[in-house]
Amino acid sequence: MRISSMPFHDFLNRISLKAVQHLYTMERKLVSSSLKSVIARNPRVSIDLSILEERLWKCQKLKDFLQIHAQMTVSGFINDSFAASRLLSFCTGFHFLALDYSRQLLNQIENSNTFSWNTIMRAYVRRNVPQCCLPLYRLMLKCDLVPDNYSHPIVLQACCLRFCVDARFLFDESPVLDSVTWNSILAAYVQIGDVDESVYIFDNMPERNTIASNSMIALFGRSKLVEDARKLFDEMTSKDTVSWTAMISCYEQNEMFREALELFTLMRVCGIQIDEVVMVSVLSACASLGATKEGEAIHGLIIRIGIQTYVSLMNSLIHMYLSYRNINAAELLFDLGYSDQISWNIMISGYLKCGFVDKARHSFDSMPRKDLVSWSTMISGYAQHGRSSDTLALFHEMQIRGVRPDETTLVSVLSACTNLFALEQGKWVHAYIRKHAFQINLFLGTTLVDMYMKCGCTMTALEIFDEMEETSISTWNALILGLAMNGFFKEALEKFSNMERCGVLPNETTFVGVLGACRHGGLVDKGWEYFNSMKNIYNLEPNIKHYGCMVDLLGRAGLLNDAKKLIKDMPIAPDVSTWGALLGACKKHGNTDIGERVGRKLIEFEPQHDGFHILLSNIYASEGKWDNQMEVRSVMKKRKVVKIPGCSIIEADGNVHEFLSGDNVHPQMNEIEKILNEMARN
DNA sequence: GTAGGGTTAG
């Protein structure tokens with residue numbers, strides 16, 4: 001009887017392997033379709049070691065892997081313990097499959113060997129779930145398998161990652177330590193990023209081998225200790241490809257992209273063998289630099305030396321082209337079909353960065369398997385494009401599907417709540433964080449401070465700030481801006497001094513908060529002082545928000561001429577908020593129709609400018625000229641201008657519009673000045 | 001007969 005003529009379930013019953021059942025429940029749809037297609041195309045499946053090697057070498061997609069697995073199951077080749085362990089070790093490094101799949105595969109193998117168990121345990125350590133390692137080790141002993149000299153270092157690493165002191169005891173008490181054990185314990189400290197302990201182990205190693213030095217360079221790189229890394233690199237007597245790669249990636253991770261490219265050039269000059277891993281870092285450096293020429297040259301190099309079929313390399317190339325906004329090149333590469341989980345995630349994030357939100361969603365919906373990064377990318381993409389209700393909806397869907405978010409996901413969701421002023425949802429997420437005992441890290445803490453501040457809950461925001469162990473300039477900015485926004489101008493300025501005392505350097509955003517506080521407090525002298533210190537002390541160029549704020553501060557204090565002069569002298573084009581501030585000042589002088597005339601003039605200059613329509617509409621409203629306001633509103637309606645709720649004239653338009661693109665002359669000012677002078681004469 | 005160290009996506 002031909003297998004292909006049987007219904008699928010009959011087939012399953014007939015071969016009655018527990019394994020296929022497992023497989024079937026795990027990836028129901030995909031497996032059933034892949035098994036079906038294997039059976040349909042290949043009724044008498046035959047496979048041996050060389051075919052397996054060849055197929056694994058070519059295996060790039062989930063479907064490819066499932067076919068191999070199915071084929072091995074059907075043919076019974078899975079019971080060959082060597083072949084099974086080959087399949088398993090490939091599986092643990094395959095990004096389209098969750099680790100559970102490998103674990104189930106281990107169950108399926110009837111005569112598994114120590115190698116297979118080691119492979120899974122190592123994967124647990126690598127994928128940061130060391131807690132699964134020890135139970136597996138116990139099970140291994142129960143199954144009468146004898147651990148070998150590879151097993152113990154892995155278990156040691158796992159223990160070390162969980163409870164360092166225990167593992168350390170084992171290590172310290174061990175009578176015989178080979179270099180594998182030394183490297184393992186070092187690797188464990190390196191993985192948790194414990195620089196002090198790693199250096200201690202490294203210094204006490206009987207012999208510093210290349211492997212240990214390489215992982216130390218990587219650790220220094222991740223810990224921002226570039227100079228230590230370089231020192232060690234220079235001191236090494238024998239450097240291999242990995243050493244060079246570690247140093248180049250150290251530069252890359254610390255945003256020293258030029259240095260990374262220079263070292264790569266030197267590496268080639270020195271005739272060191274280059275491989276796909278070093279290319280990944282180099283391509284990433286090119287992407288960050290926006291160095292299209294270099295990137296394309298390296299693409300050529302990749303084709304010439306023939307390592308174009310490595311998935312991680314493909315991914316880096318796709319990522320690079322997306323960062324150059326070269327969607328076509330990225331799609332061409334992606335469509336070659338060497339994709340894995342990461343390729344899909346890269347495409348989605350690339351589409352989002354280029355503003356193609358719906359395209360991203362389409363990819364998201366059509367990818368074979370979504371992992372946490374896929375969900376986070378899409379959710380944060382929605383959040384960053386202001387599509388806050390989509391953000392919350394997708395987060396909701398994620399939970400329905402039972403995918404557990406991590407800190408990054410929660411940051412995106414909270415920022416969406418902030419944009420929507422959705423305090424209740426934000427509080428719900430905060431409660432979720434507490435309930436699931438998430439650590440309030442730097443990013444999560446900063447986002448919470450920002451959310452509570454923007455929703456007016458100053459005290460809650462302050463409490464969270466005080467509880468934070470680590471802060472950054474963004475945290476201080478959220479705090480200072482928030483205090484200023486909520487009317488606590490004294491406190492905002494106090495926090496600014498605290499920040500300076502802590503040695504944190506302010507940036508442009510900080511001064512938006514500081515000047516905002518001065519504006520709220522009507523502190524003209526202080527305002528000038530900070531405004532000048534921005535340039536003179538901190539070497540920061542004031543932007544439109546700073547000018548707008550100063551114009552408003554001066555205008556409110558009745559210093560109309562100073563405000564006018566500031567607008568005239570400013571090196572960048574005034575935006576709608578700046579003009580709004582000036583109009584507010586005019587109004588304060590009691591001249592009611594001046595705003596209207598300036599508003600109309602501005603629209604005449606820039607009829608496409610949504611902000612000016614909002615401005616004029618607000619002016620009419622403040623003067624009680626409802627008919628006129630209706631008139632402007634009907635124009636706005638035609639132009640589909642959305643009025644931002646709760647915004648005053650000053651914040652009528654949250655975005656900075658440059659109505660004279662790139663041009664520093666403001667011809668409007670002359671016209672408007674005439675009107676203002678007329679007003680002054682009256 | 002494969003296994004340690006270096007990499008890419010939010």
Side-chain angles (χ1 to χ4, degrees), chain A residues 49 53 56 81-83 85-90 92-93 95 113-119 121-123 125-126 148-151 153-154 157 178-188 190-191 209-219 221-222 229 233 239-250 252-253 275-285 287 310-320 322-323 339-350 352-353 360 364 370-381 383-384 405-412 443:
Chain A
L49 261 184
E53 282 301 334
L56 286 179
S81 93
F82 182 79
S85 54
R86 264 306 281 133
L87 185 73
L88 191 68
S89 83
F90 181 87
T92 53
H95 277 292
N113 54 13
T114 306
F115 178 89
S116 302
W117 290 75
N118 288 349
T119 305
M121 290 196 293
R122 186 178 300 106
V125 171
R126 281 202 159 180
D148 59 13
N149 55 336
Y150 280 96
S151 318
I154 298 167
Q157 259 195 68
D178 63 0
S179 72
V180 178
T181 313
W182 276 102
N183 284 336
S184 295
I185 192 105
L186 179 66
V190 164
Q191 192 168 333
N209 52 35
T210 313
I211 289 175
S213 304
N214 292 347
S215 56
M216 285 306 289
I217 293 177
L219 174 68
R222 267 178 268 144
F233 177 77
K239 293 191 261 283
D240 61 7
T241 302
V242 177
S243 327
W244 286 81
T245 309
M247 195 58 227
I248 290 171
S249 103
C250 165
E252 195 274 323
Q253 283 170 13
D275 67 2
E276 76 281 6
V277 181
V278 72
M279 294 301 222
V280 168
S281 289
V282 175
L283 287 173
S284 176
Y310 285 95
V311 196
S312 58
L313 204 47
M314 269 301 151
N315 289 342
S316 300
L317 274 173
I318 294 172
H319 175 241
M320 182 187 78
L322 284 169
S323 74
S339 56
D340 67 354
Q341 182 68 41
I342 296 182
S343 328
W344 282 92
N345 292 344
I346 288 173
M347 285 307 286
I348 293 171
S349 84
L352 289 166
K353 271 184 202 136
F364 178 80
K370 302 181 209 341
D371 66 3
L372 182 59
V373 176
S374 328
W375 286 96
S376 286
T377 308
M378 200 57 229
I379 288 175
S380 81
Q384 275 162 26
D406 71 355
E407 285 84 358
T408 317
T409 323
L410 294 168
V411 164
S412 300
F443 303 103

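Just so we're on the same page: letters track the sequence lines, and every chain starts at 1. Values below: all heavy atoms of this structure, side chains included; hydrogens, waters and symmetry mates excluded.
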Review point. Between A/Ser249 and B/dT7, does any side-chain N or O lie under 4.0 Å from OP1 or OP2?
Key: yes
Practice item. Check the distance between B/dG4's P and A/Asp240's CG and give it to me in whole angstrom. Key: 13 Å
Practice item. Find the distance A/Met347:CE to B/dA9:P and express it as a whole number of Å. Key: 15 Å
Practice item. Answer yes or no: does a side-chain N or O of A/Arg126 lie under 4.0 Å from OP1 or OP2 of B/dG5? Key: yes
Point to revise | is_close_aromatic(A/Trp244, A/Phe233), centroid dist under 6.0 Å | key: yes
Check your understanding: Roughly how far, to the nearest 0.5 Å, is CE of A/Met320 from CD1 of A/Ile346?
Key -> 12.0 Å
Point to revise | Per A/Lys353 side chain, nearest of listed nucleotides B/dT8, B/dA3, B/dG10 | key: B/dG10
Practice item. Taking only the side-chain heavy atoms of A/Leu49 (C-beta and beyond), determine which of B/dT7, B/dG6, B/dG1 contains the nearest atom. Key: B/dG1
Study note, to complete from the structure: Whole-Å distance, A/Asn118 CG to B/dA3 C1', equals 8 Å
Check your understanding: Step by step, would you call A/Thr241 with A/Asp275 a side-chain hydrogen bond (donor to acceptor under 3.5 Å, both in side chains)?
Key -> CA-CA 8 Å; A/Thr241 302; A/Asp275 67 2; 5.6 Å; no
Review point. Between A/His95 (NE2) and B/dG10 (C1'), how many Å, whole number?
Key: 15 Å
Exercise for review: Look at all strands and tell whether A/Asp148 reaches a base, only sugar-phosphate, or nothing, counting heavy atoms closer than 4.0 Å.
Suggested key: base
Review point. Counting side-chain heavy atoms from C-beta on, which of B/dT8, B/dA9, B/dG1 comes nearest to A/Glu252?
Key: B/dT8
Exercise for review: Give the rounded distance in Å between these two atoms: CG of A/Asn113 and C1' of B/dA3.
Suggested key: 12 Å
Review point. So what does A/Ser412 touch, heavy atoms closer than 4.0 Å: a base, only the sugar-phosphate, or nothing?
Key: nothing
**Study point:** Spacing of A/Lys370 atom NZ relative to B/dA9 atom P, expressed in whole Å
**Key:** 21 Å
Point to revise | Nucleotide nearest A/Arg122 (side chain, heavy atoms from C-beta), chosen from B/dT8, B/dA3, B/dG10 | key: B/dA3
**Study point:** Under-4.0 Å side-chain N/O to phosphate OP1/OP2 contact, A/Gln253 with B/dT7
**Key:** yes
Review point. Contact class for A/Ser380 (heavy atom, under 4.0 Å): base, sugar-phosphate, or nothing?
Key: sugar-phosphate
Review point. Can you check side-chain hydrogen bond (donor to acceptor under 3.5 Å, both in side chains) on A/Ser281 and A/Ser249, steps first, answer last?
Key: CA-CA 5 Å; A/Ser281 289; A/Ser249 103; 4.5 Å; no
Check your understanding: At under 4.0 Å between heavy atoms, what does A/Ile346 touch on the DNA or RNA strands: base, sugar-phosphate, or nothing?
Key -> sugar-phosphate
**Study point:** Selected nucleotide, minimal atom distance to A/Ser349 side chain, candidates B/dG4, B/dG10, B/dG6
**Key:** B/dG10
Practice item. Please work out if A/Thr119 contacts a base, only the sugar-phosphate, or nothing of the nucleic acid, heavy-atom cut-off 4.0 Å. Key: nothing
Check your understanding: Rounded to the nearest Å, what distance is computed from the CZ atom of residue A/Arg222 to the P atom of nucleotide B/dG6?
Key -> 6 Å
Exercise for review: List the atom of A/Val190, the atom of A/Leu219, and the distance in Å for their closest heavy-atom pair.
Suggested key: O-CD1, 3.6 Å
Study note, to complete from the structure: Of the candidates B/dT2, B/dA9, B/dG6, the side chain of A/Ala218 sits closest to B/dG6
Practice item. Classify the side chain of A/Ser215 versus the base of B/dG5 as yes if they form a donor-acceptor pair under 3.5 Å and no if they do not. Key: no
Revision key, fill the gap. Out of B/dA9, B/dG10, B/dG6, minimum distance to the side chain of A/Thr377 belongs to B/dG10
Check your understanding: Of the nucleotides B/dT8, B/dT2, B/dG10, which one has an atom closest to the side chain of A/Asp406?
Key -> B/dG10
Review point. Does the aromatic ring of A/Phe82 sit over the six-membered base ring of B/dG1, closer than 5.5 Å centre to centre and tilted less than 30°?
Key: yes
Exercise for review: Under 4.0 Å between any heavy atoms, over every strand shown, what does A/Ser281 touch: base, sugar-phosphate, or nothing? Just pick one.
Suggested key: sugar-phosphate
Study note, to complete from the structure: When rounded to whole Å, the CG to P distance for the pair A/Leu186 and B/dG5 reads 10 Å
Review point. Taking the six-membered ring for Trp, does A/Phe115 stack with B/dA3 (centroid gap under 5.5 Å, planes within less than 30°)?
Key: no
Check your understanding: In terms of side-chain heavy atoms of A/Ala187, which of B/dG5, B/dG10, B/dT8 is nearest?
Key -> B/dG5
Study note, to complete from the structure: From the candidates B/dG6, B/dT2, B/dT8, the one with an atom nearest any side-chain atom of A/Asp275 is B/dG6
Point to revise | Min side-chain heavy-atom separation A/Asp340-A/Ser343 under 4.5 Å | key: yes
Practice item. Name the residue closer to the 5' end of DNA chain B, choosing between A/Val277 and A/Leu372 according to the nucleotide with the nearest heavy atom. Key: A/Val277
Practice item. Evaluate the criterion side-chain hydrogen bond (donor to acceptor under 3.5 Å, both in side chains) for residue pair A/Asn345 and A/Thr377; output intermediate values, then yes/no. Key: CA-CA 7 Å; A/Asn345 292 344; A/Thr377 308; 5.4 Å; no
